[in-house]
Protein chains: 2
Amino acid sequence: MTIHHQPGKERIDAVRGFNRFYTRQIGLLDEGLLKSVFSLTEARVLYELAHRDGLTATDLARDLGLDPGYLSRLLKKFEERGLVERVATQADARRSSITLTPAGRAAFAPLNQGSHDQVAALLDRLSAPEQDRLVRAMQTVQRLLGESAEPKVPYMLRPLQVGDIGWIIHRQGLLYAQEYGWDETYEALVAEILGAFVKSYDPKWERSWIAEREGEVVGSVFLVRQSDAVAKLRLLYVEPSARGLGIGRRLVEECIGFARTKGYKTVTLWTNDVLTSARRIYEAAGFKLANQEHHHAFGKDLVGQNWNLEL
Amino acid sequence: MTIHHQPGKERIDAVRGFNRFYTRQIGLLDEGLLKSVFSLTEARVLYELAHRDGLTATDLARDLGLDPGYLSRLLKKFEERGLVERVATQADARRSSITLTPAGRAAFAPLNQGSHDQVAALLDRLSAPEQDRLVRAMQTVQRLLGESAEPKVPYMLRPLQVGDIGWIIHRQGLLYAQEYGWDETYEALVAEILGAFVKSYDPKWERSWIAEREGEVVGSVFLVRQSDAVAKLRLLYVEPSARGLGIGRRLVEECIGFARTKGYKTVTLWTNDVLTSARRIYEAAGFKLANQEHHHAFGKDLVGQNWNLEL
DNA sequence: TCATTTATTTGACTTAGTCAAGTATCTGTT
DNA sequence: AACAGATACTTGACTAAGTCAAATAAATGA
């Protein structure tokens, strides 16, 4: 079930403001290209034809939001000028597959270059990190508003990098504050744990896994050595936006696998009973509840639990 | 001096891809509003008139990128329909200031509502955090591409909130890795310091200041109690994008002011000689170099320095 | 004062896009 | 096999939307 949230007025106004802004922005960019023989819509059609194969008129009309009649005439004109070729598909004689001729490609090239140069000039006004932020922000917008085609790789695991622990502290602090009302002392605890982890990190006995999805950190877990026989799993966390992909289970499995190969006898972990989805993962992995006790922390009354897995 | 960076091809392609995507997106949104009596351009003009005062035809043509002739006719039509009033400005009889009449406002209201509802429906498909991310990403794009009108308030100081310390750890870790090649142990050190700060925070004797600019954290500093007489300034930091606004100096001044009112005799701090811009701030504030020593940390050979300010 | 610039208007266009009614072909059902 | 829909385009008949150049009127600067 998807929960729908009443969007606030400020958000709506912000999006509308952006729409007005970008309408103008696109208008400005298009002006520069208006010098050419092609109209804007013609240029859009040529772009699609240059970049995708086996397109039919219907595909173009749908993807570019064009009137079929208008498009039909437009393609006819292109064909007369020798810019495109239409070949009826063998599967369906009503449709024809449209391709650019070499002459069509030649006509598109300066157009394409013009658009490229224009965007290059736009970007050139920004510093490299600003360009990066711009591109990332655009991709975020596109991902959220777009058809959100599932990424080919749902997620990948990688080792810790500079910036990760701060990010994880930030996200966990915010997340548990939002979801459970925990105060800033939880974020501070995470900071202390991770600071100490990196400082005393022993690659032979300890490890961390960061789950990344489309370049964003969406989960993590840390395994630290408590004694020769006991490894402790710490700070398992998965972004709400990336839940349901099995990332949590996978992270726990990686920990257990690592602990096995290193010869640990037990994996232990401490958690709180309110974290139900985490508990389900631990149970599924074979952990047993060893003991629990009431305690007051992070501004709440909580039940702390120790779980163990004998290997 | 601004350094220009040759934008990479992937970045240019990403921006062009976004432009195509958003061209379509705007087209989709506009389709829904096409039912009304007003054309898209008319609606844009009405929007501007409804939201800004004292506009002239030239202003409108410039801001919306319209042909003056076309706009002139459009406004004439509006005037005939009793939607707008034009009053020649007393300063310049060629210009006239255009305002919506009550009838004009009434005509605009359903249009406005339609656009509002459409965006609301678009947002409604997203969860609340996703909506937030969308809005933030749009604001980033707008800020980077826009005329970047200076924000009214260049920055503001506020106390620590949940999520801040993780963010600061994240940014400092990345920043010093990029600028000075420091390794992950610096980030870990920041994490330990801030974790301990929050954990043992004594509001009577200690304080933190977060500098925020347009909703983004762009700087911070922490003042901790070392003894009855000595306060220690820690982790002064300003985002590169927000430098030159005097944020660093302001943060240090706040620390000194706080230390004075609390009756501390000395403010001390530890830094490294490579952090030259920070050092300049300390010198300007009256700090004197007490001693320095070579040390190896964060993967580098460094010169650590202690600075003191007698109050 | 007079040449130039700026703000707006008007006339004469073109183009881009819409809408509805075709034709040809395919698909599923009986 | 036959036929009632769908689909994939095409064509005819429009009109709104936008452009360009020239004109007018007021301001500005030398």
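These numbers come from a predicted model, not from an experiment.
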- Any idea which of dA6(D), dT19(D), dC19(C) is nearest the D67(B) side chain? dT19(D)
- Picking from dA25(D), dT9(C), dC9(D), which would you name as closest to the side chain of P68(B)? dT9(C)
- For R95(B) and dT24(D), what is the distance between atoms CZ and C1' respectively, to the nearest whole Å? 17 Å
- Write down the distance between CG (L60(B)) and C1' (dA7(C)), rounded to a whole number of angstrom. 13 Å
- Query: Which one, dT10(D), dT19(D), dA16(C), comes nearest to the side chain of R86(A)?
  - Reply: dT10(D)
- Charged N to carboxylate O under 4.0 angstrom, R52(A) versus D59(A)? no
- Charged N-O contact under 4.0 Å between R243(B) and E179(B): yes
- Message: From CG of L40(B) over to P of dA16(C), roughly how many Å is that when rounded to an integer?
- Response: 17 Å
- Starting at CG of L74(A) and ending at P of dT10(D), how long is that distance when rounded to a whole Å? 12 Å
- Short N-O contact, E48(B) and R44(B), less than 4.0 angstrom: no
- Given DNA chain C, 5'-ward residue of the pair A93(A) and Y70(A), judged by closest heavy atom: Y70(A)
- Query: Taking OP1 and OP2 of dT10(C), is either one under 4.0 Å from a side-chain nitrogen or oxygen of S72(B)?
  - Reply: no
- In whole angstroms, the gap separating C1' of dT18(C) from CG of L71(A) amounts to 14 Å
- Message: Taking any heavy-atom pair under 4.0 Å as a contact, classify D92(B): base, sugar-phosphate, or nothing.
- Response: sugar-phosphate
- Separation of L75(B) atom CG from dA7(C) atom P, in whole Å? 15 Å
- Message: For E216(B), is there an ion pair with R171(B) - N to carboxylate O distance below 4.0 angstrom?
- Response: no
- Look at T41(A) and dG17(C) and indicate whether a side-chain polar atom (N or O) is within less than 4.0 Å of OP1 or OP2. yes
- For the pair made of CZ in F38(B) and P in dA17(D), what is the distance, rounded to whole Å? 12 Å
- Message: Any base atoms under 4.0 Å from R62(B), or only sugar-phosphate, or nothing? Heavy atoms, all strands.
- Response: nothing
- Item | Side-chain donor/acceptor contact of R73(B) with base of dG11(C) under 3.5 Å | yes
- Establish, from distance only, whether the side-chain atoms of N112(B) and S115(B) form a donor-acceptor pair under 3.5 Å. no
- Rounded distance in Å - NZ (K77(B)) to P (dT15(D)): 15 Å
- Message: Between K76(A) and dT11(D), is there a contact of a side-chain N or O with OP1 or OP2 at under 4.0 Å?
- Response: yes
